[in-house]
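The next block holds one structure in the form of structure tokens; read it before the comments.
All ligand and atom numbering here is 1-based and tracks the order in the structure.
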Amino acid sequence: MLSYRHSFHAGNHADVLKHTVQALILESLKRKDKPFVVHDTHSGAGRYDLQSEHSEKTGEYVDGIARIWGLDCPKSMHPYLKAVKALNPNGELRYYPGSPLLTKSLTREHERLVLTELHPTDFPRLRQEFRGDRRAKLYQEDGYARLKASLPPKERRGVVLIDPPYELKNEYKDLVKGIKEAVQRWASGTYAIWYPVVRRQEITTLERALARTGIRNILQIEMNVDADNMDYGMTGSGMIVINPPWTLEQQMRELLPWLTPKLAQTELASHRVHWIVPE
Ligand code: SAM
């Protein structure tokens, strides 16, 4: 059953981290003229209205994008902010781009986008956002199955964004299986996987499971807005990047000491950048 709706969470601290990393990966791929592919396995609706009932109910963006909107942010955040600004040309923060719109905004004519989303309400919205964009192919299908069927891509360069809702018990296992199968077909691709920090043990287990796959070159970037705790709720989030651009580690090491205090909810906020498996 699909109960998760990203519209309740769009623009929160986790989106700020996730989409900053996504934007930096896309910028790095654009350093070469050669076209690349972007696979987004869990796309969501594409665009979120921060004044919608869902957004107003949780108000999560208030402690996310709204805290840095209008600030003089470090250069590594500029690509991400450029894409958010493109949806809000009058300067007032109203709309927030999900990962597919970020990709749409930050890629070139000759790039190819493969977007999958299962939700019966969000998929038509996503399709509407990409109407007339001939670079994008959209599928209302399981993201991992489509990924497996599409690899390796003809371009031989690009990124796979994996951003599951983690609402079902087996999602961490499905994730590791999906990654293993994808990397077997396309070892040189970049894979960017988002995860929430709700129960620390699940993340530790995920890190170990990824290390056991034999895949190398796995970077982990994490930002916690509070200390780990046993209560229900997300205290932080992270991105695990397989085959990251060589610049990403340093960019995030420099950015997180600035960004974490901006988005912190208590003085116990923290961040880390480290290699789960080095190259
Ligand atoms: N990546 C989006 C962004 O950054 O804007 C947000 C994605 S949201 C966290 C997760 C999405 O995955 C939900 O919209 C959900 O409907 C969708 N979903 C859940 N299971 C899926 C599956 N097996 N294949 C494709 N999409 C799935």
Side-chain angles (χ1 to χ4, degrees), residues 1-26 38-50 52 54-55 58 60-61 64-65 79-81 83-84 86-87 95-107 113-130 136-150 159-179 181-182 191-198 221 223 234 236-241:
M1 206 201 38
L2 292 164
S3 56
Y4 181 93
R5 303 294 304 283
H6 197 64
S7 44
F8 287 101
H9 311 290
N12 67 5
H13 61 82
D15 265 6
V16 173
L17 176 72
K18 178 206 306 175
H19 294 146
T20 298
V21 171
Q22 177 187 338
L24 287 172
I25 293 172
L26 294 174
V38 182
H39 268 271
D40 198 333
T41 58
H42 298 71
S43 294
R47 175 192 302 252
Y48 301 96
D49 181 353
L50 299 176
S52 71
H54 287 184
S55 258
T58 59
E60 288 189 20
Y61 79 93
I65 180 69
Y80 160 63
L81 289 167
V84 185
L87 282 195
Y95 296 104
Y96 187 79
S99 51
L101 281 205
L102 236 101
T103 302
K104 183 178 166 129
S105 174
L106 296 175
T107 46
L113 282 54
V114 183
L115 310 173
T116 44
E117 169 56 48
L118 272 182
H119 201 283
T121 310
D122 285 346
F123 182 76
R125 291 187 180 164
L126 184 66
R127 199 169 42 198
Q128 183 61 30
E129 292 292 342
F130 281 87
K137 277 251 185 314
L138 279 73
Y139 302 90
Q140 191 173 3
E141 287 177 15
D142 172 60
Y144 296 119
R146 169 52 50 190
L147 180 66
K148 191 173 164 186
S150 313
V159 59
V160 179
L161 307 169
I162 305 180
D163 183 14
Y166 298 101
E167 56 184 357
L168 304 173
K169 245 186 162 248
N170 57 354
E171 283 199 78
Y172 286 97
K173 280 201 176 127
D174 289 350
L175 171 68
V176 176
K177 180 170 170 273
I179 290 168
E181 289 176 346
Y191 295 81
I193 302 129
W194 180 82
Y195 65 88
V197 179
V198 179
I221 298 158
M223 182 177 70
M234 181 171 70
S237 69
M239 288 292 272
I240 292 173
V241 188

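- Aromatic ring orientation, His54 versus Phe8: parallel (interplanar angle below 30°, classes split at 30° and 60°).
- Taking the six-membered ring for Trp and thresholds of 30 and 60 degrees, His42 and Tyr144 have ring planes more than 60 degrees apart, a perpendicular arrangement.
- Within the listing of ligand 1, atoms 21 (C), 22 (C), 23 (N), 24 (N), 25 (C), 26 (N) sit less than 4.0 angstrom from a heavy atom of Leu118.
- Those atoms of ligand 1 with a heavy atom of His119 less than 4.0 angstrom away are 16 (O).
- Remark: Thr20 pairs with Val16, Leu24, Met77, Tyr80, Leu255 by the side-chain contact (heavy atoms from CB on, under 4.5 Å) rule, at least two apart or across chains.
- Contacts between Lys18 and ligand 1, counted as non-hydrogen atom pairs separated by less than 4.0 Å, involve the side chain only.
- Taking the six-membered ring wherever Trp is involved, the centroid distance between the rings of His19 and Tyr96 falls below 6.0 Å.
- Remark: ligand 1 and His19 share an N or O pair separated by less than 3.5 Å (distance only, no angle test).
- A search for side chain to side chain donor-acceptor pair (under 3.5 Å) contacts involving Thr103 returns Gln22, not counting sequence neighbours.
- Residue Asp142 approaches ligand 1 through these ligand atoms, each under 4.0 Å from one of its heavy atoms: 22 (C), 23 (N), 24 (N).
- With a 4.0 Å cut-off on non-hydrogen atoms, Leu161 does not touch ligand 1 at all.
- Between Arg125 and Glu129, no side-chain nitrogen of the basic residue sits less than 4.0 Å from a carboxylate oxygen of the acidic one, so the salt-bridge criterion is not met.
- Every N/O-N/O distance between Asp15 and ligand 1 stays at or above 3.5 Å.
- Distances between N or O atoms of Asp163 and those of ligand 1 include at least one value under 3.5 Å.
- Residue-to-ligand polar distances place Glu117 within reach of ligand 1: an N/O pair is separated by less than 3.5 Å.
- In this structure, Lys104 satisfies the cation-pi test against Phe130, with its NZ or CZ atom closer than 6.0 Å to the six-membered ring centre and inside 45 degrees of the ring normal.
- Between Gly143 and ligand 1, at least one pair of N/O atoms sits closer than 3.5 Å.
- Under a 4.0 Å N-O distance rule, the pair Lys177/Asp174 does not qualify as a salt bridge.
- Of all the heavy atoms of Glu141, the ones lying under 4.0 Å from any atom of ligand 1 belong exclusively to the backbone.
- The shortest heavy-atom contact between Leu50 and Ala10 is CD2-O, 3.7 Å.
- The residue Ala45 has no part lying near ligand 1, judged by heavy-atom distances below 4.0 Å.
- Polar contact check, His42 against ligand 1: a nitrogen or oxygen pair lies under 3.5 Å apart.
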